Chemist: 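Shown below is the structure under consideration.
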Amino acid sequence: MAKTDNMAKEDKSIGSGWHFSPDAIHKPAEVDTAAPPSAGRRSFLRKGAAMAGVALAGAGGGASVAQAAKLTVPEWSRTMGKPIPPTDYGMPIEYESHYVRTRSDVFVNRQNYSDWSMSPLQKQQGIVTPNGVFFERHHNGTAKIDPEQHRLVIHGLVKRPLVFTMSDLMRYPSVSKFHFMECSGNTLTDWREPRSTTVQQSHGLLSCAQWTGVPLAWLLDEAGVDPKGKWVMLEGADGSGHLRSIPMEKIMDDVLIAFGQNGEMLRAEQGYPIRAFVPGWEGNTSVKWLRRIKVVEGPAHVRGETARYTDPMPDGKWRQFSMEMECKSVITSPSGGMTLRGGPGFYEIQGFAWSGNGKITHVDVTLDGGRNWREATLEEPVMDKCLTRFRYRWNWDGGPARIASRAKDSTGYVQPTVEDLAREREIVGFVQHHNGIYPWAVSQQGEVTNAIG
Amino acid sequence: MLSVKLCGAFASALFLTFGAAQASSYPERPDVGFGQPISEADIQPWNIDIHTPSGAGLPPGEGTVAQGREVYQARCLACHGEKAAGGPVYGTMVGGIGSMTERPRVLTPGSMYPYAPILFDYTRRAMPMDAPQSLSNDEVYAVSAYIYYLNELIGEDFKMNAETMPQIKMPNRDAFIVDDRPDAQAERCMSDCPPIGTVADAEWKAGD
């Protein structure tokens, strides 16, 4: 795709483009600042059309209500559009070529096979992450697997070991569910001090999709689980042979053998042709390129269950099998690297909240670093173990602010601060499972920066 | 007593009725079976996991430190460096024993692994990165011996095999605790709350 000058500029200043920066949103002449955050959909819809019109008009910005220039009839209104090709896989328009995932560049690996890429959360619309920007984490690159030749085997403590082809698996009735996926290492660069500039760098090991597949419980039932079988090993067919052991209870509850993601077959980097999907649990348990399922009495305690994906604890201890991704949220707009170009006035704060233990019930937003909190609006649908988008209408007074979100889930758990977490865990080295409240600082110039630590 | 019996009976009935295979979040399993039977013998080429606490699954074969040094020079050194002390791609695989209560904790197979066979399982399935599953079992035993020798966990004359490997005493054996979260207890304070704290705040107060 050809890059225009605009795009080159976009690339250099992540977070300041018109696509997602609040500078695209004019301060409307009148904002009902008295309206509570839960003013609700009706009020939003009433104003929506007018506001969207202003935003799309684009240029300018700021508090003044200057007279707009006289309209001209653009070229695209006086020519034919592009014809429909016989077949194609549609791609975003070239102006959106900045919407890309980015390889880990705060924690930089010295090879790119056991590495990860971060999803541009600040640019995502809605709660579903497009497949092309869904975050990646591989242990030995992206495997390329011929679906005709791929086999999935179930064995171990079962009455009848079974092997499945992809055609076999796709003959079963399937189910589709919306769920987030988050890497256990998401946000690990930013515990003690700000190291990431953008929310893509700090929180981009997070994405959300509709997953389609077959409940693993059905296949295990077909194989006949021995009552001694209490754990299930999942192993990948890629060059890392990634393996995790999962308790039978979770497997029987909601683990999927997934082949579909957001309306199409899995992308290669998401485990084509088949992966496990373990709702709400750390991403690496959803083993990609799944080749083998073994029912066992207990976990194997392999490297990925002992030396990796474990949490440093006080007294030299390590917490093991900490697999649920606890309730977390982050403001994605305005977020690090953005500038409130419109000056003081109206901005919509928005972000994501999610919990591996249930549904999001509340999100609160602070503008003063945590002294006072106001409830944000949750946008429907609000689903179990799924990204939930929250919104809060902010009339920025132009002073320095410290903004953050705090989520609560259906278990009653409230998202903690890093201070709360550090009272329980040892924050040393490669620390996983960072679900701390994440503040952004807004300067008087409207510049938004990472304020963790 | 009666109630205990009833409870037990109830539990068994539940188990029989729903079995181990009732998926609670999804519809009932269709009465079909599309999997093709296969014997455990025919699965063996893929059956590479080791139950690392016991060593169950470790294959026949053996390797020595001297043999492992040769395997290492040929297949591992380019990434992991001389004597596994760290190379152009990865950090050290030696040392760190006793560092778990220090900062930083130095994480190596010697300092971190609770069970010695973890190294066999991982090396066989994933190493070397450019040719996984290409080492013979003897070579995996040998290079494991070399790494544990460099970590001073075994002597130079150690013969690594399915019998000896699980018996190596690993310093981090008892360091693991099972997930006990939720640990942090936060409240949904709405006004006049303490400001968002930092890791340093927690450590400062803990040190007070």
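This is a predicted model, so every value here is computed, not measured. We use all heavy atoms of the structure for the numbers below, so side chains are in, but hydrogens, waters and symmetry mates are not.
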Chemist: Return yes if some donor-acceptor pair links the side-chain N/O of A/Gln415 with the main-chain N/O of A/Ala407 below 3.5 Å, else return no.
Modeler: yes
Chemist: With a 4.5 angstrom heavy-atom cut-off, which part of B/Met100 approaches chain A: side chain, backbone, both or neither?
Modeler: both
Chemist: Check whether A/Asp364 gets within reach of chain B through its side chain, its backbone, both or neither, counting any heavy atom under 4.5 Å.
Modeler: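 Contact with chain B: side chain only.
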Chemist: Relative to chain A, which segment of B/Pro117 carries a heavy atom at a distance below 4.5 Å: side chain, backbone, both, or neither?
Modeler: neither
Chemist: Report yes if the distance between the aromatic ring centroids of A/Tyr172 and B/Phe34 is under 6.0 Å, otherwise no.
Modeler: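 A/Tyr172 vs B/Phe34: aromatic centres under 6.0 Å.
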Chemist: Of all of A/Ser114, A/Ser322, A/Ala422, which one pairs up most often with chain B through heavy atoms under 4.5 Å apart?
Modeler: A/Ser322
Chemist: Once the angle between the rings of A/Phe321 and A/His301 is folded into 0 to 90°, is it parallel (under 30°), tilted (30 to 60°) or perpendicular (over 60°)?
Modeler: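 Rings of A/Phe321 and A/His301: perpendicular, as their planes differ by over 60°.
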Chemist: Report the option among A/Ile154, A/Leu169, A/Val175 that has the most heavy-atom pairs separated by less than 4.5 Å from atoms of chain B.
Modeler: A/Val175
Chemist: Which atoms of A/Arg402 come close to chain B, meaning under 4.5 Å heavy atom to heavy atom: side chain ones, backbone ones, both, or neither?
Modeler: neither
Chemist: At a heavy-atom separation under 4.5 Å, does A/Ala237 approach chain B through its side chain, its backbone, both, or neither?
Modeler: neither
Chemist: State whether A/Trp373 and B/Arg188 meet the cation-pi test: NZ (Lys) or CZ (Arg) under 6.0 Å from the six-membered ring centroid, and within 45° of the perpendicular axis.
Modeler: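 Negative - B/Arg188 is either too far from the ring of A/Trp373 or too far off its axis.
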Chemist: Could you please spell out the steps behind the side chain to side chain donor-acceptor pair (under 3.5 Å) verdict for A/Asp115 and A/Asn109?
Modeler: CA-CA 6 Å; A/Asp115 200 356; A/Asn109 285 300; 2.8 Å; yes
Chemist: Let me know if A/Glu324 has heavy atoms under 4.5 Å from chain B in its side chain, its backbone, both or neither.
Modeler: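 It is both, since atoms from each part get that close.
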Chemist: So, is the end of the A/Arg425 side chain (NZ or CZ) under 6.0 Å from the ring centre of A/Trp191 and within 45° of the ring's axis?
Modeler: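 Judged by the rule, A/Arg425 and A/Trp191 form no cation-pi pair.
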Chemist: Could you check which of A/Thr411, A/Val418, A/Thr306 has the highest count of heavy-atom pairs closer than 4.5 Å to chain B?
Modeler: A/Thr306
Chemist: Backbone N or O of A/Val302 within a donor-acceptor pair of the A/Glu305 side chain at under 3.5 Å?
Modeler: yes
Chemist: Using heavy-atom distances under 4.5 Å, tell me whether B/Asp130 contacts chain A through its side chain, its backbone, both, or neither.
Modeler: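 Neither part.
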Chemist: Answer yes if the ring centres of B/Tyr141 and B/Phe120 are under 6.0 angstrom apart, and no otherwise.
Modeler: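 Centroid distance B/Tyr141-B/Phe120: below 6.0 Å, so yes.
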Chemist: side-chain hydrogen bond (donor to acceptor under 3.5 Å, both in side chains) with A/His155: which of A/Lys294, A/Arg160, A/Arg292?
Modeler: A/Arg292
Chemist: Using a cut-off of under 4.5 Å for heavy-atom pairs, which of B/Val32, B/Thr108, B/Asp174, B/Asp180 has the most such pairs with chain A?
Modeler: B/Asp180
Chemist: With a 4.5 angstrom heavy-atom cut-off, is it the side chain or the backbone of A/Pro312 that approaches chain B, or both, or neither?
Modeler: both
Chemist: Which bit of B/Ile118 comes within less than 4.5 Å of chain A, counting heavy atoms only: side chain, backbone, both or neither?
Modeler: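 Interface part for B/Ile118: side chain.
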Chemist: Side chain, backbone, both or neither: which part of B/Leu119 has a non-hydrogen atom closer than 4.5 Å to chain A?
Modeler: neither
Chemist: Under 4.5 Å, counting heavy-atom pairs only, tell me which of B/Arg125, B/Glu187, B/Arg105, B/Glu40 racks up the most with chain A.
Modeler: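 Between B/Arg125, B/Glu187, B/Arg105, B/Glu40, the count favours B/Arg105.
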Chemist: What residue, out of A/Lys408, A/Met323, A/Met313, has the most heavy-atom pairs lying under 4.5 Å from chain B?
Modeler: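 Maximum pair count with chain B is reached by A/Met313.
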Chemist: Hey, which of B/Val178, B/Asp42, B/Thr101 has the most heavy atom pairs under 4.5 Å with chain A?
Modeler: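 Most heavy-atom pairs under 4.5 Å with chain A: B/Thr101.
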Chemist: Hey, which of A/Pro173, A/Pro439, A/Gly412, A/Gly429 has the most heavy atom pairs under 4.5 Å with chain B?
Modeler: A/Pro173
Chemist: Is chain B contacted by the side chain of A/Tyr113, its backbone, both, or neither, given a heavy-atom distance below 4.5 Å?
Modeler: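 Interface part for A/Tyr113: both.
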Chemist: Quick one: what part of B/Tyr122 sits under 4.5 Å from any heavy atom of chain A, side chain, backbone, both or neither?
Modeler: side chain
Chemist: Main chain of A/Asn140, side chain of A/His138: is a donor-acceptor contact present, judged purely on distance under 3.5 Å?
Modeler: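 Here the side-chain-to-backbone pair does not exist.
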Chemist: Shorter than 4.5 Å, heavy atoms on both sides: which option in B/Arg103, B/Arg124, B/Met127, B/Gln133 has the most such pairs with chain A?
Modeler: B/Arg103
Chemist: Can you tell which part of B/Pro194 gets under 4.5 Å to a heavy atom of chain A, answering side chain, backbone, both or neither?
Modeler: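 The answer is the backbone of B/Pro194.
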Chemist: Would you call the rings of A/His139 and A/Tyr309 parallel, tilted or perpendicular if under 30° counts as parallel and over 60° as perpendicular?
Modeler: perpendicular
Chemist: Show, in sequence, the C-alpha distance, side-chain angles and deciding distance for A/Asp238 and A/Ser240, and conclude whether the side chain to side chain donor-acceptor pair (under 3.5 Å) test is met.
Modeler: CA-CA 5 Å; A/Asp238 63 315; A/Ser240 79; 2.7 Å; yes
Chemist: Looking at A/Asp368 and A/Arg371, would you say the former's side chain and the latter's main chain have a donor-acceptor pair under 3.5 Å?
Modeler: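 Between the backbone of A/Arg371 and the side chain of A/Asp368 there is a qualifying donor-acceptor contact (under 3.5 Å).
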Chemist: Is the number of heavy atoms from other residues, nucleotides or ligands within 6.0 Å of CD (B/Gln73) greater than 12?
Modeler: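 Buried by this count: over 12 neighbours within 6.0 Å.
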Chemist: Chain A heavy atoms under 4.5 Å from B/Ile50: which part of the residue, side chain, backbone, both or neither?
Modeler: backbone
Chemist: So what's closer than 4.5 Å to chain A heavy atoms on B/Asp121: side chain, backbone, both or neither?
Modeler: side chain
Chemist: Using a 4.5 angstrom heavy-atom cutoff, name the option from A/Ala300, A/Pro314, A/Gly241 with the most pairs to chain B.
Modeler: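 Ranked by heavy-atom pairs under 4.5 Å with chain B, first place is A/Ala300.
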Chemist: B/Ile38 versus chain A, heavy atoms under 4.5 Å apart: side chain, backbone, both or neither?
Modeler: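 For B/Ile38, heavy atoms of backbone and side chain both lie under 4.5 Å from chain A.
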Chemist: Apply disulfide bond (SG atoms under 2.5 Å apart) to B/Cys193 and list each qualifying residue two or more places apart in sequence or on a separate chain.
Modeler: B/Cys189
